[in-house]
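Down below is the structure, laid out as structure tokens.
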There are 2 protein chains.
Amino acid sequence: MSNTNLKKLAEELGLSISSVSKALRDSYEISAETKKRVLAMAEKMNYQPNPFASSLRRKKSVTIAVVIPEIANNFFALALDGIQMVAQQKGYHLLTYLTHEDYKNEEATIRHLQGGRVDGVLISLCRDTESIHHLVSLHETGIPMVFFDRVPEQMDCPTVTTDDYESGFKATEHLINAGCKKIACLSLSNYLSITHKRMKGYEDALKKHDIKLDPKLVIQCNNDNENNLNLIKNMLSAKKDRPDGIFATVEKLAISTYYVCNDIKLKIPQQIKIISFSNLRTASLLSPSLSTITQPAFEIGKESASLLFRMIEKKTFGNRIDKIVLKSSLIERNSSK
Amino acid sequence: MSNTNLKKLAEELGLSISSVSKALRDSYEISAETKKRVLAMAEKMNYQPNPFASSLRRKKSVTIAVVIPEIANNFFALALDGIQMVAQQKGYHLLTYLTHEDYKNEEATIRHLQGGRVDGVLISLCRDTESIHHLVSLHETGIPMVFFDRVPEQMDCPTVTTDDYESGFKATEHLINAGCKKIACLSLSNYLSITHKRMKGYEDALKKHDIKLDPKLVIQCNNDNENNLNLIKNMLSAKKDRPDGIFATVEKLAISTYYVCNDIKLKIPQQIKIISFSNLRTASLLSPSLSTITQPAFEIGKESASLLFRMIEKKTFGNRIDKIVLKSSLIERNSSK
DNA sequence: CTCGTCTACGAAAACCTTTTCGTAGAATAA
DNA sequence: TTATTCTACGAAAAGGTTTTCGTAGACGAG
């Protein structure tokens with residue numbers, strides 16, 4: 001253990017604990033001379049302040065938490081990267097929690113966070129989060145919270161999202177313009193605002209082009225990959241009413257679709273065109289290259305963290321509730337040609 | 001703030017602080033009756049113990065740290081997933097630090113960790129970590145540490161790695177068997193043990209098959225993507241001595257190679273065959289599908305964390321230093337056919 | 001000389017929990 | 001009866017840092 005603490009330092013220096021503390025925090029109350037001595041001794045004895053004592057006294061943890069559904073996911077990995085960058089720059093520590101798309105985990109994590117372990121929380125909800133009582137409860141402790149991408153609809157809180165409705169609309173219209181008549185939509189969740197908005201864009205695009213929405217073509221997937229493969233396979237194997245276009249609201253469902261198409265020898269884009277939300281770096285290297293709606297995941301992370309720090313730093317300032325919306329970009333590739 | 005603390009709870013209950021504390025920790029000193037009352041009141045007042053006071057007193061943070069080069073990287077994302085799973089199961093919190101392959105960051109992070117913020121540390125070194133004084137210094141504090149994948153060579157410490165030498169050997173031999181005569185090797189670092197071992201495997205495989213190693217075909221890449229693209233492009237554009245096989249020691253270099261080949265219209269696998277270390281889920285969907293050495297990244301994370309917790313939990317037990325080695329698997333696909 | 005103002009530092013409280021030690025009363029044993 | 005052992009709880013210390021408040025001495029102004 002680095003067992004040097006203020007007391008030992010003080011003894012060694014012949015000063016009081018408080019003076020040493022002040023010297024280390026560069027207080028005006030301490031002479032330059034003394035500061036130098038203290039600093040030198042701290043260095044020599046390899047002094048490391050005890051973070052718990054400090055946090056306890058200052059009521060500040062210099063730590064934020066991020067709660068996300070999963071990390072083996074390009075979007076969240078990039079977002080976390082952005083978050084971490086800002087946190088590091090601010091000298092904050094980052095506590096990471098994964099819910100694995102399980103509401104129970106989310107609830108338990110949020111409850112833990114009420115103990116004051118962190119100064120702020122960044123959250124992206126899990127796919128089956130329906131009730132928000134745990135979020136309200138955390139909010140009531142007064143801790144700064146920012147939601148990103150998957151945000152709660154029934155709660156008035158700071159958020160960072162993308163233009164999901166427009167993206168859903170454009171993606172669908174893109175498929176229509178490419179000649180698709182029967183466009184399926186693969187959704188991950190009933191509850192998430194992002195799927196609601198993306199699907200509303202899908203519906204409105206169909207409406208605009210006088211295409212009747214076929215409920216059988218709207219597939220509710222879940223977190224079980226096998227199940228999703230089956231659902232997609234069933235739909236694509238149908239003799240009649242097989243879709244000629246697919247709009248995947250999340251990356252993993254597009255990948256599953258590729259696997260199914262390989263499996264049942266369905267040619268992309270000749271027989272079926274695909275576009276998907278995705279942050280896959282290899283989208284352009286796929287066979288065929290995948291048309292994507294790409295969210296600025298890294299920026300989302302950066303913006304979320306920055307917003308959170310604004311809230312942490314000047315609590316006085318804000319009754320305002322920021323809602324930041326960034327733009328995704330549609331990148332046409334061969335899967336929808 | 002959840003401003004209820006032991007003191008308020010005690011006042012409300014007409015008990016002493018210590019009794020309440022003991023009741024909450026289910027001490028035998030407190031009667032069942034009283035425990036029930038305390039629990040009920042704690043629930044009612046939404047009591048959340050202060051983690052800093054607790055950590056300060058118990059000298060235990062219930063937190064571990066993981067230090068990795070980057071997170072927007074399939075291998076590390078999967079490893080983190082495994083780590084997080086174990087940590088969550090143990091009721092531990094997980095502090096995440098990214099070095100972004102920058103030694104300065106690694107050094108600073110490790111130094112921070114000496115303050116006793118965490119009960120254990122998991123580390124995967126960054127590509128330009130040459131000196132290990134910071135690691136030694138952390139080690140000397142007595143804190144349990146486990147290295148995974150990218151481990152220090154000059155230090156005797158617990159590690160979790162894969163069979164890198166064998167994998168490098170097999171990958172190279174695989175290319176040779178596929179007909180390659182001039183095999184290039186793309187390396188990320190001069191310092192990392194994993195590249196040393198993978199390249200030793202590469203060299204020995206060449207030797208075994210009486211192929212002379214051409215130093216020009218061993219490319220030292222760095223963390224600058226542009227630079228790497230140029231290096232690869234230069235090599236692959238050469239009129240003479242152009243390699244007919246590429247062994248990429250890390251995924252991102254294989255992806256860069258794909259881009260270059262697309263760019264200069266080099267046909268994979270007809271003109272050049274490729275195999276790479278990779279955890280890309282879409283390896284089989286690439287054009288052409290990518291032959292990979294796939295490390296059990298999730299298991300590496302799980303094993304590392306499990307080992308770390310063994311060290312945290314029974315410090316008494318161990319002078320032994322575990323070196324766990326897991327097996328990677330070679331998956332042949334079309335890029336090396 | 002007195003008063004006020006700096007400067008540089010120290011004492012002690014505060015933060016909240018956990019743990020050690022002590023004790024009063026009750027029950028049991030001798 | 002007296003001595004011993006439980007039972008159930010409280011007082012207080014310990015953990016390390018930060019902050020508030022106080023103070024001793026130096027200095028200049030009046």
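Here is the naming used below: chain letters follow the sequence lines, and residue numbers restart at 1 for every chain.
- No side-chain heavy atom of B:T161 sits less than 4.5 Å from a side-chain heavy atom of B:I194.
- Comparing C:dC9, D:dG16, C:dC15 against the side chain of A:L15 picks out C:dC9 as the nearest.
- Taking every side-chain heavy atom of A:R58 into account, D:dT19 is the closest of C:dA11, D:dT19, D:dG10.
- Atom pair A:R117:CZ and C:dT17:P shows a separation of 13 Å (rounding to whole Å applied).
- Toward the 5′ end of DNA chain C lies the nearest nucleotide of B:K7, the other residue of the pair B:E29 and B:K7 mapping further downstream.
- Separating the CG atom of A:L13 from the C1' atom of C:dA8 is a distance of 15 Å, rounded to the nearest angstrom.
- With no hydrogens or angles considered, a side-chain donor-acceptor pair links A:H133 and A:E107 at under 3.5 Å.
- Put simply, CZ on B:F52 is 13 Å from C1' on D:dT17, counting in whole angstrom units.
- Between D:dT19 and A:R25, a contact under 4.0 Å exists linking OP1 or OP2 to a side-chain N or O.
- When distances run from any side-chain atom of A:K59 to the nucleotides C:dG10, C:dC15, D:dG10, the shortest one goes to C:dC15.
- Phosphate proximity of D:dC9 to B:S19: absent, as no side-chain N or O sits under 4.0 Å from OP1 or OP2.
- Look at A:Y28 and you won't find any side-chain N or O under 4.0 angstrom from OP1 or OP2 of C:dC9.
- Within a 6.0 Å sphere centred on NZ of B:K323, other residues, nucleotides and ligands contribute more than 12 heavy atoms.
- In the set C:dT17, D:dT17, D:dT19, the nucleotide with an atom closest to the side chain of A:I17 is D:dT17.
- Heavy atoms from other residues, nucleotides or ligands lying under 6.0 Å from NE2 of B:H139 number 12 at most.
- In this model, a side-chain donor or acceptor of B:S18 finds a partner on the base of D:dA11 within 3.5 Å.
- The phosphate of C:dC16 (OP1 or OP2) has no side-chain N or O of B:Y47 nearer than 4.0 angstrom.
- Between A:D128 and A:K104 no salt bridge is recorded (no basic side-chain N to carboxylate O distance below 4.0 Å).
- Residues B:E101 and B:N222 bring no donor and acceptor atom of their side chains to less than 3.5 Å of each other.
- As a whole-Å value, the separation of A:K22 NZ from D:dG22 P is 13 Å.
- The side chain of A:N5 has D:dT17 as its nearest neighbour among C:dC21, D:dT17, C:dT17.
- D:dA14 atom C1' lies 13 Å from atom CG of A:N50, rounded to whole Å.
- Remark: B:S54 is not in phosphate contact with C:dC16, judged by side-chain N or O atoms under 4.0 Å from OP1 or OP2.
- Picking from C:dG22, C:dA8, C:dT17 the nucleotide with the shortest atom distance to the side chain of A:S31 gives C:dA8.
- Minimum atom distance to the side chain of B:S21 is reached by C:dT19, of the listed C:dT19, D:dT17, C:dA11.
- Within the 4.0 angstrom heavy-atom criterion, only backbone atoms of the sugar-phosphate kind lie near A:T34; the bases stay farther away.
- Residue side chain A:K8 does not reach the base of D:dG16 through any donor-acceptor N/O pair under 3.5 Å, judged by distance alone.
- Of the residues near DNA chain D, A:P51 and B:G14, the one whose nearest nucleotide (by heavy atom distance) lies more toward the 5' end is B:G14.
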